[in-house]
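Keep in mind the model is a prediction, meaning the values are calculated, not measured.
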Amino acid sequence: MKHSLQTSSDAAAPQPVPLRRQRDYRLLLSARAVTETGAEVSRLAVPLTAAVLLGASPTQMGLLTAATSLPYLLIGLQAGALADRLRRHRPVMVACDLVAAVAMATIPVAWITGTLTVPWLIAMAFVVGTCSVIFRAVNFPHLATVVHESQRTEALAGFQSAFAVASVSGPGLAGLLVQLITAPFAILVDALSFLLSALLIRKVTAPETHTPAPPRGMWTEIREGLGTVVRHPVLRALCGSGTTINFFGGVYMALFVIYALNVLDLPGGLVGAITACFGIGGLLGAAVVPRLTRRFGENRVLVCATLLFPVDYAVAALAGGPAWRSLLLMSTTAVTSGMAIVAFSVCMGAITLRETPTELRGRVNATMSFTTQGVLTLGSLAGGLLGELLGLRPVLWISAAGVLTTLVWIGLSPLRHSSSTSTR
């Protein structure tokens, strides 16, 4: 069923210009593409700098990894309340990019001067993570002022395609840069990507029509956002589904590399190839999701994507025998899983925009991010503990069964219906 939220008068209105011809959207998409690519470079270069050049301990490496996601738990909800209070979001987005650029640029400077330490890396990772949380909080309601309502699913799919391209090409670029100019200087690419993103966003000219929510106290506003998600049947189901998927995804990812290397005896290069297939699947998903949602609606596409999540985990648990067979099976399901993740993410974002009152979009999005991103840490810890207690293969089966419970959230909500009409 074709998704439509138009009234009879809207239906007679001229159709919006295709996204590929909209200058402002192209600028936002380009900004996302360069920052995602820069992030892929830092994802390799920062840990290498810490472990190889600075001799970081396992505890320090854990703190470095946690520093980028910790801001979601510390300020994620407050960032959402701030986003709803603002009339203009672009200046905040530009400021976040500029601060992140400076933070990344200090790392090679400190390395040159001989003052770089692991605590400094952790601090800069925390600064960049904080900028990311605030940026994403204000970017969500900002998108609604730039892109026509009927094109939001396509716009979100475009952003996912930028992430998918970066996840496929970024690791190779990162490895090349580390070899050519060493890890600390490769981080400069990430700093430049933030700077370029700020310049691109600054060129967006669409008027910001967001009506700010009146300030009533930070915690009062946060509770209102939380309450909206809890009481609204669709938003509650989306939040519960995303949290379930990410928790068991964290369990799986905590063990995937060691399982592939030690149990399946796959070389490191083949493990990297499987990961790249996930990015290829994401790119394919971003290409087909807009067409699927126009024909079947976001609700139905989201449900179908959910059915595919256990496949990747189950196939990995069943894998064995010759390396080529494991590679073939797991690469195929990695493509499928990448498509499913993108389809779910795009539809979740579009439905959230559709169902959330304008004045609450920042807080609702922040609540979603707080739960779905914060739970990744818990899933990773649980995966490591269960792997020690039960063994690696049984935990993969637990992940497959656990992620399937997402259907309970959907089955008890209006999302089980194919209709895309708002329930507000």
Side-chain angles (χ1 to χ4, degrees), residues 39-40 43-44 47-48 51 58 61-62 64-66 68-69 163-164 166-168 170-172 174-175 242-282 285 305-306 308-342 344-345 372-373 375-406:
E40 288 294 332
R43 193 167 287 122
L44 174 66
L48 282 178
M61 292 298 291
L64 181 61
T65 302
T68 56
S69 58
F163 172 77
S167 67
V168 174
T243 301
T244 302
I245 290 167
N246 276 4
F247 177 81
F248 289 103
V251 171
Y252 175 78
M253 291 308 300
L255 303 178
F256 169 73
V257 172
I258 191 172
Y259 174 78
L261 293 174
N262 296 345
V263 178
L264 301 181
D265 293 322
L266 295 179
L270 294 186
V271 176
I274 294 172
T275 303
C277 286
F278 180 85
I280 293 171
T306 303
L308 296 175
F309 286 128
V311 175
D312 193 26
Y313 303 165
V315 167
L318 288 168
W324 66 266
R325 185 168 65 190
S326 296
L327 175 65
L328 179 61
L329 289 173
M330 296 176 69
S331 296
T332 302
T333 56
V335 172
T336 303
S337 181
M339 294 179 66
I341 285 288
V342 167
F344 185 93
S345 298
T372 59
Q373 297 301 313
V375 80
L376 282 170
T377 302
L378 300 179
S380 299
L381 294 174
L385 179 61
L386 290 173
E388 291 281 352
L389 295 176
L390 304 177
L392 302 179
R393 200 182 295 267
V395 179
L396 299 190
W397 283 113
I398 291 173
S399 298
V403 78
L404 195 60
T405 62
T406 305

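- Shown here are the side-chain contact (heavy atoms from CB on, under 4.5 Å) partners of A51, two or more places apart in sequence or in another chain: M61.
- Looking at every heavy atom in both residues, Y252 comes nearest to L396 through CD1-CD2, 3.5 Å.
- The backbone N or O of Y259 sits nowhere less than 3.5 Å from a side-chain atom of R393 that would complete a donor-acceptor pair.
- Surrounding CZ of F163 are at most 12 heavy atoms belonging to other residues, nucleotides or ligands under 6.0 Å away.
- Annotation for G383 and V251: closest pair CA-CG1, 3.8 Å, computed over non-hydrogen atoms.
- Summarising the geometry of P310 relative to A400, their closest heavy-atom pair is CB-O, 3.6 Å, with the distance given to 0.1 Å.
- Rounded to the nearest 0.5 angstrom, I274 CD1 and F256 CZ are separated by 4.5 Å.
- Closest of all the heavy-atom pairs between T372 and T243 is CG2-N, 3.6 Å.
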- Query: Do L329 and L318 pass the side-chain contact (heavy atoms from CB on, under 4.5 Å) test, and can you show the C-alpha distance, the side-chain angles, and the key distance before you say yes or no?
  - Reply: CA-CA 10 Å; L329 289 173; L318 288 168; over 6 Å; no
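- Side-chain atoms of N246 never come within 3.5 Å of backbone atoms of V375 as a donor-acceptor pair (strictly under, hydrogens ignored).
- Rounding to the nearest 0.5 Å gives a distance of 7.0 Å between SG of C277 and CG of L327.
- The closest donor-acceptor contact from the side chain of S399 to the backbone of V395 lies under 3.5 Å.
- Counting only distance, with no hydrogens or angles, the side chain of S326 and the backbone of A323 share no donor-acceptor pair below 3.5 Å.
- Rounded to the nearest 0.5 angstrom, I398 CD1 and F248 CZ are separated by 8.5 Å.
- The two atoms that bring G387 and L255 nearest to each other are CA-CD1, 4.2 Å, heavy atoms only.
- Atoms CD1 and OG1, from I245 and T406 in turn, are 4.5 Å apart once rounded to the nearest 0.5 Å.
- With rounding to the nearest 0.5 Å, the separation of CZ in F344 from CZ in F309 is 6.0 Å.
- A donor-acceptor contact shorter than 3.5 Å is absent between the side chain of S331 and the backbone of L328.
- The heavy-atom pair separating M330 from L266 by the smallest distance is SD-CD1, 4.5 Å.
- The backbone N or O of T332 sits less than 3.5 Å from a side-chain atom of T336, completing a donor-acceptor pair.
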